[in-house]
Amino acid sequence: MTDAGTLREDRPLDALEHPSAPDLLAKFDPLIAERQALLDTGVRDPFAIVMEKVLSPTEAIIGGKHTILLGTYNYMGMTFDPDVVAAGKRALDEFGAGTTGSRVLNGTYQGHRECEDALKDFYGMDHAIVFSTGYQANLGMISTLAGKGDYIILDADSHASIYDGCWLGNAEIVRFRHNSVEDLDKRLGRLPKEAGKLVVLEGVYSMLGDIAPLKEMVAVAKKHGAMILCDEAHGMGFFGAHGRGVFEEAGVEDDVDFVVGTFSKSVGTVGGFCVSNHPKFEVLRLVCRPYVFTASLPPSVVATAATSIRKLMHAGDKRERLWANSRRLHQGLRDLGFTLGTKSAESAIIAVILSDQTQAVGMWQALLELGLYVNMARPPATPAGTYLLRCSLCAEHRDEQVGQIIDMFAQAGRAVGCIA
Amino acid sequence: MTNRDDTFAKVTALIEPFNKKGIALTDAVRFAQDLEWDSLTVMDFVAAVEDEFDIIITMNMQAEIETIGQLVDAVEKLKA
Ligand SMILES: Cc1ncc(COP(=O)(O)O)c(C=O)c1O
């Protein structure tokens, strides 16, 4: 509030001296009020969950209660893999808790090199750069590749890190309608022929779990002379013959110039990367600000990532289980009468679409009370203003757990009234 | 009718389907405050304007456009 009349005696002195000093947080008052109104109805805060104990990739203790995890993006269940954990412990002992430095100064250890080598082998590409997070990988790659006078052409439903990468740079930003090949083609056709162009795509769109028609989109982008960056955050590990992502499955490996990914999903730790065959790729280490001006990942993290990535090269069994679990859950929820983000299971994300915030929070809380954690997603993160419960499966979900999950959805859905 | 009048007429015709409050459309009407459009409506509308005039209104330009008048002027410039 800026009204001087509301000043109370216990206000700090300088507020009294500058009664009109605007409170920079006042702009969030509507959100604070909306949240409070929601919490006043007696529901748990969906954005303030604490995992008191984590028992396995699929189970945790939340609020003292044994809970099945169905919203972690821990697709391949690598977080507790014994080899991965052992590699991390060894690196912690041998190299210490952190690097205290940038990749380009004192922050590149043997482990960072080995992690980049693992990525090069996994993707069969010439170059790999490891960033501290996937968010920073997108920030860095997009803002550095597309400079002043260049154009970035992105899908309207792109992840926040892609949008933020656009805003961090100086390029012109053009959006096309989600997954519309025709819209992309039209927009590229209207841009100046001689201008540099970067088309940014995602293999899997994480809100609805739908995949991009990469074959067609890549062909259109190439026709117009654009370079292509593809974010495979939710595709790594279980799409394509080598598990490289949707771009591999779509057969466009030779035409995608840059692949961005993260260690925070299938790899099971934290970190981000970009791989490429571009002969000048290494120069990015010198000019990419989100690579240069931040500390590198701790030795234990890159050691766990490298071990996990190498194991994912031979994870055919896990892949099959993940797909089987995803298809079964999709079918089960559809049979119960829920509205889902895709007609069939296109990825390991199954999005349950609900009508409004009350229903979404009610459903989310009912599931939690039954012992199931899913992600709640709301605008502006979601497309078309929808409220979603996002489920992401894990290769380590056991058959009986998937059965329990479907039963809990049936019970919660009937209690809340979103299914008959 | 001048070119600008023609553009104004076409732009306002594209606004009408999203003009839920039935506001009288003039140059001074603001998209966010007066029409109360959210970012999704803006996205759909911009795509419709781009297709109507076969132009690109970059997100950088969109950030500068607040009123119908500013949009009509921008479209005039982009068509030229
Ligand atoms: C599509 C996409 N790109 C990038 C990221 C960022 O990854 P990270 O968690 O490593 O920052 C995410 C996930 O958060 C994502 O969904």
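Every chain is numbered from 1 and lettered A, B, ... according to where its sequence line falls, protein lines coming before strand lines. Every value quoted in this text rests on a predicted model; they were computed, and no experiment measured them.
Here the straight-line distance linking atom CG of B:N60 with atom CD1 of A:I173 works out to 4.5 Å at 0.5 Å rounding. Separation of atoms CE (B:M59) and CD1 (A:I152) is listed at 10.5 Å; rounding is to 0.5 Å. Distance check: A:R175 CZ to B:E50 CD gives 9.5 Å after rounding to the nearest 0.5 Å.
Within a 6.0 Å sphere centred on CD of B:E52, heavy atoms belonging to other residues, nucleotides or ligands number more than 12. The number of heavy-atom neighbours closer than 6.0 Å to NZ of A:K193, taken from other residues, nucleotides and ligands shown, is 12 or below. Heavy atoms from other residues, nucleotides or ligands lying under 6.0 Å from NZ of A:K222 number more than 12. More than 12 heavy-atom neighbours from other residues, nucleotides or ligands sit within 6.0 angstrom of CZ on B:R4. No more than 12 heavy atoms of other residues, nucleotides or ligands lie within 6.0 Å of NZ in B:K77, so this atom counts as exposed by the packing criterion.
Looking only at distances, a side-chain donor or acceptor of A:R190 sits under 3.5 Å from a matching main-chain atom of B:I55.
In this structure, A:R177 and B:A47 approach most closely via the heavy-atom pair NH2-CB, 3.2 Å.
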For this session: Run the numbers on A:V174 and B:I56 for side-chain contact (heavy atoms from CB on, under 4.5 Å), then give the verdict.
Result: CA-CA 8 Å; A:V174 176; B:I56 290 279; 3.7 Å; yes

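Contact annotation for B:D51: both backbone and side-chain heavy atoms come within less than 4.5 Å of a heavy atom of chain A. Contact of A:F176 with chain B is made through the backbone alone, with heavy-atom distances under 4.5 Å.
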